[in-house]
Protein chains: 2
Amino acid sequence: MILLASLTKGAAILFVGGVVPRLTDARKELRRTQIADAAVRCFSRNGLERTSIADISAESGLSTGSIYSHYRNKADLVRAAACEVLAKRADVLREYAALDAPPDPDELLARLTAAIDPAEARVGVQTWGEATTDPDIRDIVVDTTDRMRAMLHDCVTAWLIKVKHHEPAPARERAAPIAHRVMALYQAELLYAALRTPTEETAS
Amino acid sequence: MILLASLTKGAAILFVGGVVPRLTDARKELRRTQIADAAVRCFSRNGLERTSIADISAESGLSTGSIYSHYRNKADLVRAAACEVLAKRADVLREYAALDAPPDPDELLARLTAAIDPAEARVGVQTWGEATTDPDIRDIVVDTTDRMRAMLHDCVTAWLIKVKHHEPAPARERAAPIAHRVMALYQAELLYAALRTPTEETAS
DNA sequence: GTCTATACGATGATAGAC
DNA sequence: GTCTATCATCGTATAGAC
């Protein structure tokens, strides 16, 4: 780790004025996710707006100045956190979509529901609320939702073809409304998970 | 209207030190809803937290001092607004539940979806987000959701009995999962409506 | 890059006249 | 009950040392 860090610095010096200093970028990205992760934990406890930069500073162990050297402003950080949470949920789905023995829709929904992390569900729902007024967040949410629905579509289509022995063309067509419903039911489960779970008290 | 107002004041004077001055209470409640309505419009545009008391003051035409004489603080006002919006959505449902020709679940969902007001949907979704961290709001959301699900349960039960000619006892049992699904799909539609609709730009 | 200290603005809430 | 004017607090963002 320490060796890697020193190598990184060396590489950065070597590449000054040259092409992309990859390793330095990778480390910078690592810091960014470290901050974003801390932000997500704060958001999960106190919500998007009730979390101050000072809170994230305390949670991440970094100073406010350091945070602002990685993110332009708070909105930028909120966007990054929203991306992270939503993308993580999409990844869970991608896993099932690539399965060679596709589960039926009910089973698919059950697995997705079982994989919900309450803390991330809270931030996800907070993101929905923010999306109603912030165009940037809105785009992130809509895009992620569309991508997830598309993956569900692929998953259901594969199930129709491989298990129910439909022809590919009609299978894709019939899969669309089913994917829409599974997505809707999943979102509802996400909401329930976010509300059901006891939100641990903040130390304010 | 003016006559009613003067009558109200007279009644209040007559009942000073006596029993409940009903009409005065009614007028006070009217002011409260007037403020709450203005708050809902502001929330719909700018969100729960980005709306200042000054915004609500401008929207309602009342001063900040006047607002604080009707609501203890902003959190109290947010609670009132949340109650109002959620209750209004429940009322739409109650209407269909009382119908003597109960619609089938798909039709029920379609009607509920068609009755969605985008502005209120936005505040509703914002309420969900707030509910993830604010226990008071959480209770309001959960209670309202439970009541709505119960009404859906009644509605579906009535449909099973009157249209599908089930016996009452098994009908109630079979209606439960159906009501759960309709509720979930409705909430998803509410989310879509809140995100789909272009949020008009604020005048900040 | 990271820290401490701070400036500046915004906002929730109150005081006191009418 | 309603207004205007004001206070005090909090939080974002920056400056400058190391």
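Just so it is clear: chains get the letters A, B, ... in the order the sequence lines come, proteins before strands, and each one is counted from 1.
Of the N and O atoms on the side chains of A:Thr113 and A:Glu189, not one donor lies less than 3.5 Å from an acceptor on the other residue. The closest side-chain donor-acceptor pair between A:Asp55 and A:Ser52 falls under 3.5 angstrom.
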> Going 5' to 3' along nucleotides 2-17 of chain C, which nucleotides have protein heavy atoms under 4.0 Å from the base (write B), which only from the sugar-phosphate (write S), and which from neither (write -)?
Replying inline: SBBB------SBB---
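For the pairing with A:Asp91, the salt bridge (charged side-chain N to carboxylate O under 4.0 Å, His left out) check across A:Arg89, A:Arg94, A:Lys88 returns one residue only, A:Arg94.
A:Tyr71 has its OH atom 17 Å from the C1' atom of D:dT12, to the nearest Å. Atoms CG (A:Leu48) and P (D:dG11) sit 15 Å apart, rounded to a whole Å. Rounded to whole Å, the distance from CG on A:Asn46 to C1' on D:dG11 is 14 Å.
Within 6.0 Å of CD on A:Glu173 lie no more than 12 heavy atoms contributed by other residues, nucleotides or ligands.
Between atom CD of residue B:Glu29 and atom OG1 of residue B:Thr24 there is a gap of 13.0 Å, rounded to the nearest 0.5 Å.
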